[in-house]
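Everything quoted here is computed from the prediction, not taken from an experiment. Indexing begins at 1, ligand by ligand and atom by atom, following the structure's order.
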Amino acid sequence: MAIPVLTIDGPSGAGKGTVSRAVAKKLGWHYLDSGSIYRSLAIAVLKQNVELTNEPGIVKTAQSMSLEFECDDELVVKLDGEDITSQLGLESTGNAASVIAALPEVRRVLLQKQRDFRKMPGLVADGRDMGTVVFPDAEIKVFLTASATERAQRRYKQLIEKGIDANLSLLTNEIEERDRRDTERKTAPLAMASDALYIDSSDMTIDSVIEEILNLIR
Ligand code: C5P
């Protein structure tokens, strides 16, 4: 029997992470935060001073890096044995991740690393191309989005709550720029799978999004 997969794709800041973690916990399934793989690679590349345009250099880094994921309540990621969790959420990491994620050979190398997360009793996979490229045979696919303004506001609130200085119009610009890069790239662009359910969370609470997805599975 195929191992069940629920894919949740969508742009940055749509609430995919929170929703996917909650659904995985409720179902007792494994969880793949595919963005954190691209983010970890970005950290490795920046650490090794490899240029973000040097595709062979980045591919080499992707092939040789060792990643360990520990997921209890919070996700802990170790890169070559070093805990990099605190660097994962930085805007600079996300922006660098989106630049290297546009490189086709880099995506090819990371494909198997992502598919290895598919284990019994099931997997919730969150990203941009989970339903279209990585797990095209997933039973249930969701495309979760929200307006760029709403996503920037949520991110702004998160940063301010953490005591980090933030600028709303700058964040909106960065989000729009990242959306553009992710949707316009040639390889595995951010796109909704034809068999996915579309959810716009702009005017929804996180809890109601979680409920809607759980109902879909039931
Ligand atoms: O989801 P997150 O913001 O952590 O992803 C960071 C970047 O990694 C995205 O902007 C995107 O360019 C890239 N990414 C991707 N494919 C995925 C997950 C993330 O290209 N499946």
Side-chain angles (χ1 to χ4, degrees), residues 5-21 24 31-46 52-53 55 58-59 61-62 65 67 69 71 74-77 79 84-118 123-136 138 141-146 148 150-152 154-156 158-159 171-193 196 201:
V5 183
L6 159 67
T7 59
I8 304 187
D9 289 304
S12 331
K16 296 185 309 281
T18 313
V19 168
S20 305
R21 265 193 301 274
Y31 167 55
L32 164 62
D33 172 359
S34 62
S36 70
I37 295 185
Y38 288 92
R39 286 171 183 266
S40 301
L41 176 58
I43 292 169
V45 162
L46 295 172
L52 295 181
T53 46
E55 188 164 9
I58 299 170
V59 166
T61 306
M65 72 177 178
L67 284 182
F69 288 82
C71 194
E74 292 291 319
L75 180 74
V76 173
V77 180
L79 167 67
I84 55 159
T85 314
S86 64
Q87 300 164 52
L88 280 178
L90 299 175
E91 298 303 310
S92 53
T93 306
N95 290 327
S98 132
V99 173
I100 60 175
L103 304 170
E105 199 54 26
V106 171
R107 301 197 74 86
R108 205 185 56 75
V109 170
L110 296 183
L111 201 55
Q112 195 54 46
K113 280 191 202 290
Q114 298 172 78
R115 289 186 174 149
D116 289 344
F117 279 77
R118 188 173 193 168
L123 175 70
V124 179
D126 120 32
R128 304 290 186 292
D129 60 342
M130 298 295 100
T132 49
V133 176
V134 184
F135 304 108
K141 300 180 185 179
V142 170
F143 191 83
L144 181 62
T145 188
E150 176 61 28
R151 288 183 283 129
R154 288 180 191 169
R155 184 71 187 139
Y156 178 77
Q158 265 175 2
L159 290 170
L171 278 175
T172 311
N173 288 345
E174 278 181 3
I175 281 191
E176 282 169 349
E177 171 64 18
R178 184 118 71 94
D179 285 355
R180 194 191 53 70
R181 233 180 356 240
D182 289 349
T183 40
E184 288 179 4
R185 69 178 176 222
K186 287 205 182 71
T187 313
L190 168 65
M192 180 169 137
S201 73

Heavy-atom donor-acceptor pair, Glu105 side chain to Val59 backbone, under 3.5 Å = no
Between Gln112 and Arg115, is any side-chain donor less than 3.5 angstrom from a side-chain acceptor?
-> no
Residues with a heavy atom under 4.0 Å from ligand 1, by chain and number, are Ser34, Gly35, Tyr38, Arg39, Ala97, Ser98, Ala101, Arg107, Gly127, Arg128, Asp129, Met130, Arg178, Asp182, Arg185
Side chain to side chain donor-acceptor pair (under 3.5 Å) between Ser98 and Arg181, worked out = CA-CA 7 Å; Ser98 132; Arg181 233 180 356 240; 2.6 Å; yes
With no hydrogens and no angle check, is any side-chain donor or acceptor of Asp9 less than 3.5 Å from a backbone partner on Gly131?
-> yes
Between Glu176 and Arg180, is there a side-chain N and carboxylate O pair less than 4.0 Å apart?
-> no
Would Arg128 and Ser12 count as having a side-chain donor-acceptor pair, cut-off 3.5 Å?
-> yes
